[in-house]
Amino acid sequence: MAEIAHNGGNPDSLTYTVDVVTRSGTSFYLGMRSLPLERRHAMYAIYAFCREVDDIADGPDSNAVKRSELREWRAEVERLYAGNPTRPATRALADAVRRFGLPREEFLAIIDGMEMDLDDAMFAPDGTRLRLYCRRVAGAVGLLSLHAFGADEPDAQTFALALGEALQLTNILRDVTEDAEQGRLYLPGDLLRRHGIDPAAGISSVLSSTALDAACRDLAAIAHSRFADADRALLRCRRSRLRPALLMMGIYEELLDMLERRGWHGHEPPLSLSKPRKLWAALRRGLFRPKWRPPA
């Protein structure tokens with residue numbers, strides 16, 4: 001915890017957020033560690049906030065209890081921006097809000113996304129609703145991260161939103177079986193029906209369909225297209241300011257490729273990259289892609 005001792009923030013809150021990040025085993029940790037200290041702690045605090053509200057949505061409580069807890073987090077965001085946060089994650093965020101101007105509406109958008117998880121319409125949602133979900137649970141995190149990174153080019157927002165959607169779609173494709181065990185199905189219903197799969201028949205029917213692999217490959221193609229959109233925007237951004245996002249981009253592109261090589265047959269456990277492979281994928285993307293081009 002030596003890094004905390006040299007930061008002007010609340011030591012207890014910083015200790016809490018560092019602990020949340022390190023215990024999570026998140027792939028984002030590698031990218032966070034590449035940041036200067038103050039920006040790194042801002043990212044730790046953003047991640048801790050996301051972890052807190054995501055744990056509510058994924059927890060065992062009833063939807064009524066979850067909605068109540070998420071309403072309290074909305075109130076906590078208001079307390080944060082009023083200058084009197086009461087929770088460890090938001091006390092750590094207070095310093096980041098002051099330093100980097102983190103926008104309040106993006107924290108509220110993340111909570112909106114968690115609330116969508118409590119809605120039956122997120123069971124095999126249509127493509128439009130799935131894209132809104134990705135914007136809230138991943139795009140909002142990306143836009144907050146830009147402030148922590150110091151990436152202020154207009155095209156950086158385009159990059160962050162495209163990359164956020166690509167990452168979230170990759171997560172969905174990785175977790176098809178695991179989500180199904182919790183009664184969740186994020187694969188878009190309109191895409192499933194195009195392949196002759198009826199989501200109304202139930203999760204077991206979806207997972208046992210011989211067309212599942214083709215449907216997932218179509219969604220993977222959408223994820224690839226969003227990675228490509230992020231790449232195009234990146235050419236008009238300063239890569240040095242987006243290095244943490246690029247490291248994550250490399251890891252998730254490699255993960256998506258591995259998923260496609262394995263395929264989807266309804267009973268696969270979540271796939272993950274080994275640490276050496278994750279490091280190579282991250283560094284390859286972070287170091288060896290095209291350089292910045294100034295806007296025309």
Side-chain angles (χ1 to χ4, degrees), residues 26-32 43 46-47 50 54 106 109-110 113 116-117 122 125-146 148-149 151 153-176 178-179 186-188 190-191 215-237 239 241-264 270-273 277-278 280-290:
T26 176
S27 296
F28 290 91
Y29 183 63
L30 179 64
M32 293 184 214
M43 284 304 306
I46 291 168
Y47 181 87
C50 295
D54 187 64
E106 299 305 335
I110 293 168
M116 289 178 73
D117 262 326
M122 279 307 295
D126 62 39
T128 299
R129 188 168 184 82
L130 179 60
R131 192 159 195 180
L132 174 62
Y133 178 76
C134 292
R135 167 61 179 88
R136 289 173 170 176
V137 302
V141 179
L143 295 182
L144 287 166
S145 299
L146 292 183
F149 298 163
E153 300 96 339
D155 286 289
Q157 290 195 11
T158 302
F159 168 82
L161 291 173
L163 180 59
E165 185 172 338
L167 299 184
Q168 190 62 31
L169 292 177
T170 303
N171 279 335
I172 288 169
L173 288 163
R174 179 194 62 192
D175 297 337
V176 170
E178 186 177 10
D179 288 335
Y186 292 103
L187 301 176
D190 42 4
L191 186 152
C216 288
R217 289 183 187 280
D218 277 1
L219 189 60
I222 296 172
H224 280 300
S225 74
R226 296 303 278 153
F227 278 123
D229 291 340
D231 249 337
R232 282 189 288 272
L234 179 61
L235 293 173
R236 298 182 296 275
C237 300
R239 291 173 57 85
R241 297 182 181 181
L242 294 169
R243 183 62 54 75
L246 294 177
L247 296 176
M248 284 304 304
M249 192 173 182
I251 291 170
Y252 270 72
E253 285 175 318
E254 179 70 12
L255 176 60
L256 184 59
D257 289 344
M258 289 176 65
L259 286 166
E260 288 182 297
R261 288 194 294 270
R262 186 193 68 179
W264 292 266
L271 188 153
S272 61
L273 278 64
R277 190 164 189 171
K278 185 182 294 185
W280 168 243
L283 293 179
R284 181 178 57 188
R285 163 57 83 167
L287 296 177
F288 303 138
R289 287 296 175 112

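This structure is a prediction, so every number in the text was calculated from the model and none was measured.
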What's the spacing between [X] [atom1] and [Y] [atom2] if we round to 0.5 Å?
X      : Y      : atom1 : atom2 : value
Thr170 : Leu219 : OG1   : CG    : 8.5 Å
Arg217 : His224 : CZ    : NE2   : 9.5 Å
Asp179 : Ile172 : CG    : CD1   : 7.5 Å
Leu256 : Asn171 : CG    : CG    : 10.5 Å
Glu165 : Ser225 : CD    : OG    : 7.5 Å
Arg135 : Ile110 : CZ    : CD1   : 9.5 Å

Tell me the closest heavy-atom pair linking [X] and [Y], and the distance in Å.
X      : Y      : answer
Ala109 : Arg136 : O-CB, 3.3 Å
Ser272 : Met258 : O-CE, 4.3 Å
Leu187 : Cys216 : CD1-SG, 4.0 Å
Leu143 : Ala160 : CD2-CB, 4.1 Å
Ala166 : Arg226 : CB-CB, 3.9 Å
Leu144 : Glu106 : CG-CB, 3.7 Å

Worksheet item: Partners of Arg232 by side chain to side chain donor-acceptor pair (under 3.5 Å), sequence neighbours excluded?
Response: Asp229
Worksheet, complete the sentence: For Asp126, the side chain to side chain donor-acceptor pair (under 3.5 Å) test, sequence neighbours excluded, returns none
Is there side-chain contact between [X] and [Y], with heavy atoms separated by less than 4.5 Å?
X      : Y      : value
Thr158 : Glu153 : no
Leu169 : Leu130 : yes
Tyr133 : Gln168 : yes
Val141 : Tyr47  : no
Phe149 : Met43  : yes

Item to complete: Take Val137 and Asp117 through the side-chain contact (heavy atoms from CB on, under 4.5 Å) test and state the conclusion after the steps.
Response: CA-CA 10 Å; Val137 302; Asp117 262 326; 5.5 Å; no
Discussion item. Testing Leu242, Leu167, Asp231 one by one against Met249 for a side chain to side chain contact (heavy atoms under 4.5 Å, CB included), which residue passes?
Written reply: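 Single pass found, and it is Asp231.
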Practice prompt. Sequence neighbours left out, what passes salt bridge (charged side-chain N to carboxylate O under 4.0 Å, His left out) with Arg174? Give chain and number order.
Written response: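 So Arg174 forms no salt bridge (charged side-chain N to carboxylate O under 4.0 Å, His left out) with any residue.
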